Amino acid sequence: VQLQASGGGLVQAGGSLRLSCAASGRSFSAYAAGWFRQAPGKERELLAAVSGNSAATYYADSVKGRFTISRDSAKNTVYLQMNSLKPEDTAVYYCAADRTPINIRSGNLAYWGQGTLVTVSS
């Protein structure tokens, strides 16, 4: 599986962005997927995750109520809708996927996208 993240950019505080993570290969619905971010000088942080069949989702407290993860099986794509963005959301955002959902919490996923930069200005 190859993952291609896109949708990052510069936005003002309070604005919105939607990140996309397009997957190559078949059977992507068999993979759980997650969005992570890493800001300069900080550890990588798991933001949101979704199961292969979209039945289960997870959100970190830092983004709960502002970010929404979803997936479109027909397009082999996972999305992260980000609303009410804050300057502290500035980071490189990565999508990742794995057949084993438990690996999402540990951050030890098999497949990673290249990252997309989100910059939120105050």
Side-chain angles (χ1 to χ4, degrees):
V1 174
Q2 290 185 322
L3 304 177
Q4 179 74 34
S6 62
L10 174 64
V11 64
Q12 288 188 329
S16 298
L17 282 175
R18 188 177 79 158
L19 305 183
S20 299
C21 178
S24 65
R26 297 175 295 178
S27 302
F28 185 56
S29 59
Y31 292 76
W35 284 97
F36 296 76
R37 70 184 177 192
Q38 188 164 22
K42 295 188 176 181
E43 293 187 355
R44 186 178 62 197
E45 174 187 15
L46 170 62
L47 303 176
V50 61
S51 61
N53 62 3
S54 298
T57 56
Y58 162 85
Y59 294 96
D61 288 343
S62 57
V63 303
K64 198 173 294 183
R66 299 189 300 125
F67 291 10
T68 302
I69 191 169
S70 62
R71 65 193 303 163
D72 185 331
S73 297
K75 296 182 178 180
N76 273 3
T77 301
V78 176
Y79 302 99
L80 186 68
Q81 177 67 44
M82 306 186 295
N83 299 328
S84 302
L85 284 162
K86 306 174 182 179
E88 52 263 42
D89 293 318
T90 295
V92 177
Y93 285 67
Y94 299 90
C95 61
D98 200 292
R99 283 185 174 271
T100 306
I102 195 173
N103 289 342
I104 290 180
R105 288 295 189 108
S106 68
N108 187 27
L109 290 84
Y111 304 100
W112 289 83
Q114 84 284 8
T116 184
L117 177 63
V118 172
T119 303
V120 184
S121 63
S122 57

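Side-chain atoms are counted along with the backbone in the values below, which use heavy atoms only and exclude waters and symmetry mates. Model, not experiment: these values are computed from the prediction.
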Inset, instruction - Rounded to the nearest 0.5 Å, what's the gap from CD1 on I102 to CG on N108? Could you check? - result: 11.0 Å

Legend entry - Distance, nearest 0.5 Å, that separates OG of S122 from NZ of K86: 14.0 Å

Inset, instruction - Could you tell me whether Q2 atom CD has more than 12 heavy atoms of other residues or ligands within 6.0 Å of it? - result: no

Legend entry - Y59 side-chain N/O to R66 backbone N/O, donor-acceptor pair under 3.5 Å: no

Legend entry - Taking every non-hydrogen atom, the tightest pair across S62 and E45: OG-OE2, 2.8 Å

Legend entry - Other ILVMFWY residues reachable from W112 by side-chain steps of under 4.5 Å: F36, L46, Y58, V92, Y94, I104, L109, L117

Inset, instruction - Taking only Lys NZ, Arg NE, NH1 and NH2, and the carboxylate oxygens of Asp or Glu, determine whether D61 and K64 approach each other closer than 4.0 Å. - result: yes

Legend entry - Side chain proximity check, V63 to M82, heavy atoms < 4.5 angstrom: no

Inset, instruction - Have a look at T77 and tell me which of S70, S6, C95, S20 forms a side chain to side chain contact (heavy atoms under 4.5 Å, CB included) with it. - result: S20

Legend entry - Donor-acceptor under 3.5 Å (Q114 side chain, Q4 main chain): no

Legend entry - Pairwise distance CZ(R99) to OG(S27) - rounded to 0.5 angstrom: 6.0 Å

Legend entry - Straight-line distance of L47 CG to I69 CD1, nearest 0.5 Å: 9.0 Å

Legend entry - Path from F67 to V120 over hydrophobic side-chain contacts below 4.5 Å: yes

Inset, instruction - Look up atom CZ in R37 and atom OG1 in T116, then write down how far apart they are to the nearest 0.5 Å. - result: 14.0 Å

Legend entry - Separation of Y111 OH from C21 SG (nearest 0.5 Å): 13.5 Å

